[in-house]
There are 2 protein chains.
Amino acid sequence: MTPRFSPVPAEPLTPVPVMPPRERILAAASDLFYRQGIRAVGVDAIAETAGTNKMTLYRHFESKDVLVAEYLRRLAGKSEVFWAHIQREHPDSPRKQLGSWLEAAGRDANDPQGRGCALANAAVELAEKDHPARRVIEEHKRASRDRLAKLCADAGLKQPEMLADELFLLLEGARVCAQSIGADSPCCRFVRMGEAIIASHEK
Amino acid sequence: MTPRFSPVPAEPLTPVPVMPPRERILAAASDLFYRQGIRAVGVDAIAETAGTNKMTLYRHFESKDVLVAEYLRRLAGKSEVFWAHIQREHPDSPRKQLGSWLEAAGRDANDPQGRGCALANAAVELAEKDHPARRVIEEHKRASRDRLAKLCADAGLKQPEMLADELFLLLEGARVCAQSIGADSPCCRFVRMGEAIIASHEK
DNA sequence: TTGATTTGGTACCGATCGGTAACATATAGG
DNA sequence: CCTATATGTTACCGATCGGTACCAAATCAA
């Protein structure tokens with residue numbers, strides 16, 4: 001059944017200017033890398049999901065590895081935004097900031113769709129210690145832990161460095177635990193544990 | 001330079017009966033999977049490392065996925081042996097058993113060659129929720145946490161269930177943190193943190 | 001010694017991997 | 001309008017992936 005008339009020019013699905021290819025690729029990569037794992041996702045799949053092709057992908061990212069690094073860098077950036085947010089939320093109460101952090105972390109660790117921390121997962125998947133992503137991962141993790149330590153100190157809690165380490169590892173553990181044990185796992189009690197640990201550092 | 005004489009028959013490198021192929025394959029897979037990651041290692045590499053070939057590998061394991069599952073099952077078995085060990089070490093002092101656990105966990109989390117918990121890493125790498133390895137992982141993690149809870153209860157500590165969750169997540173966190181942050185990371189202080197948390201549950 | 005079972009070796013399968021060449025098309029700026 | 005730049009399309013590269021067919025050599029039990 002061949003068309004007898006020239007087809008009506010199809011209107012673009014989104015009349016507003018669509019995201020530029022680079023952003024679409026990054027968005028597609030974010031989704032696929034996080035949900036399926038970095039090594040499990042090929043560049044073809046990313047290009048297709050982004051509604052483009054492999055050539056355009058390689059015009060914007062010189063290799064899959066630097067795409068991975070950029071994917072993680074963006075996530076680290078969102079984390080910065082989050083820290084700024086809780087600071088703006090309670091400008092003069094480090095204690096409440098810590099509460100916000102704990103609550104958000106708990107939400108994050110208990111997200112049924114979640115697959116833990118993308119940065120930590122990447123560190124597990126990318127064993128090569130010279131992978132371009134590793135710098136991003138280490139810097140982000142170190143910065144997160146240090147921010148937390150500053151918060152604990154500002155909140156006037158006892159042994160703030162140790163408290164920060166405890167809370168940091170508790171969260172890292174909860175996020176990886178959510179992937180190994182499914183439902184009804186220790187990470188369901190994350191917030192309560194965090195509160196108990198904080199309480200044990202009260203003066 | 002062609003050989004002028006027929007070569008002396010090479011003696012086997014190990015005169016004693018060598019490990020059977022199945023064990024060699026499992027040993028090779030353990031080493032490679034743990035150090036490089038499961039998805040990063042192909043069956044060819046495993047067979048070659050095991051000093052055999054792909055055909056023999058597939059005669060003993062119907063697929064790479066069941067080889068992975070068996071690799072993890074063995075590790076879970078070694079964990080059972082460890083629990084039996086610390087129980088035999090201090091038969092009538094749950095408190096000392098907990099001390100042994102903490103010390104061993106600390107050694108494990110701070111091993112510079114280590115790459116964290118192989119079971120947890122596998123959970124991160126194998127996102128497919130119907131992968132044969134996932135049952136092994138979940139059962140092992142759940143059993144570990146429950147053993148720890150029993151130990152905390154027997155040791156007569158306050159809120160043993162919560163304490164077990166805290167220590168469990170602390171260890172999970174330390175092992176994943178060792179991979180993301182390199183040296184000088186919170187997991188260096190793992191044992192001290194564990195002791196502090198235990199102390200906060202003292203009656 | 002015979003016969004059955006277990007290995008090793010090699011070549012191969014289709015699929016996919018990361019990455020590129022070449023060319024056509026669209027878009028935008030002057 | 002012309003030109004430069006960004007994007008789309010297609011086909012391809014060599015390498016590797018997980019998995020198998022086939023046969024020879026070794027091993028072992030009877």
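The sequence lines fix the lettering, A, B, ..., with proteins before strands; numbering per chain opens at 1.
- As a whole-Å value, the separation of Ile46(A) CD1 from dC17(C) P is 10 Å.
- Scanning both residues, Tyr71(A) and Ala118(A), for their nearest heavy atoms gives OH-CB, 3.3 Å.
- Counting only distance, with no hydrogens or angles, the side chain of Arg39(A) and the backbone of Arg39(B) share no donor-acceptor pair below 3.5 Å.
- In the set dC17(C), dT10(C), dG18(D), dG18(D) carries the atom at the smallest distance from any side-chain atom of Tyr58(B).
- Looking only at atom types and distance, the side chain of Glu125(A) has no donor-acceptor partner in the side chain of Asn121(B) under 3.5 Å away.
- Residues Leu163(A) and Lys158(A) approach most closely at CB-O, 4.4 Å, considering heavy atoms.
- Checked against dG18(D), dG18(C), dG9(C), the side chain of Asp44(A) finds its nearest nucleotide in dG18(C).
- With respect to Glu139(A), the side-chain hydrogen bond (donor to acceptor under 3.5 Å, both in side chains) criterion is satisfied by exactly one of Arg142(A), Lys141(A), Arg135(A): Arg135(A).
- With contacts defined as side-chain heavy-atom distances shorter than 4.5 Å, the pair Trp83(B)/Leu151(B) qualifies.
- Nearest to the side chain of Arg24(B), among dT9(D), dG8(C), dC17(D), sits dG8(C).
- When every heavy atom of Arg189(A) is checked against every heavy atom of Ser185(A), the shortest pair comes out as NH1-O, 3.5 Å.
- Of the residues in residues 122-136 of chain B, not one comes within less than 4.0 Å of DNA chain D through any heavy atom.
- Each of Lys54(B) and Ala45(A) was assigned the nucleotide of DNA chain C with the nearest heavy atom; the assignment lying further toward the 5' end belongs to Lys54(B).
- In this structure, Leu148(A) and Ala164(A) approach most closely via the heavy-atom pair CD2-O, 3.7 Å.
- Atom CD1 of Ile25(A) is separated from atom P of dA6(D) by 14 Å (rounded to the nearest Å).
- For dT7(D), the OP1/OP2 oxygens have a side-chain nitrogen or oxygen of His60(A) closer than 4.0 Å.
- Closest non-hydrogen pair, Leu167(A) versus Cys152(A), comes out as CD1-SG, 4.3 Å.
- A heavy atom lying under 4.0 Å from DNA chain C marks none of the residues of residues 26-41 of chain B.
- Contacts between residues 61-72 of chain A and DNA chain C, counted as heavy-atom distances below 4.0 Å, involve Ser63(A), Lys64(A).
- Comparing Val43(B) and Arg22(A) against DNA chain D, the residue whose closest nucleotide sits nearer the 5' end is Arg22(A).
- Using a 4.5 Å heavy-atom cutoff, the side chains of Glu80(B) and His140(B) are not in contact.
- Between Thr56(B) and the phosphate of dG8(C), there is a side-chain N or O to OP1/OP2 separation shorter than 4.0 Å.
- Across the protein-nucleic acid pair, Met55(B) atom CE and dT7(C) atom C1' stand 10 Å apart, rounded to whole Å.
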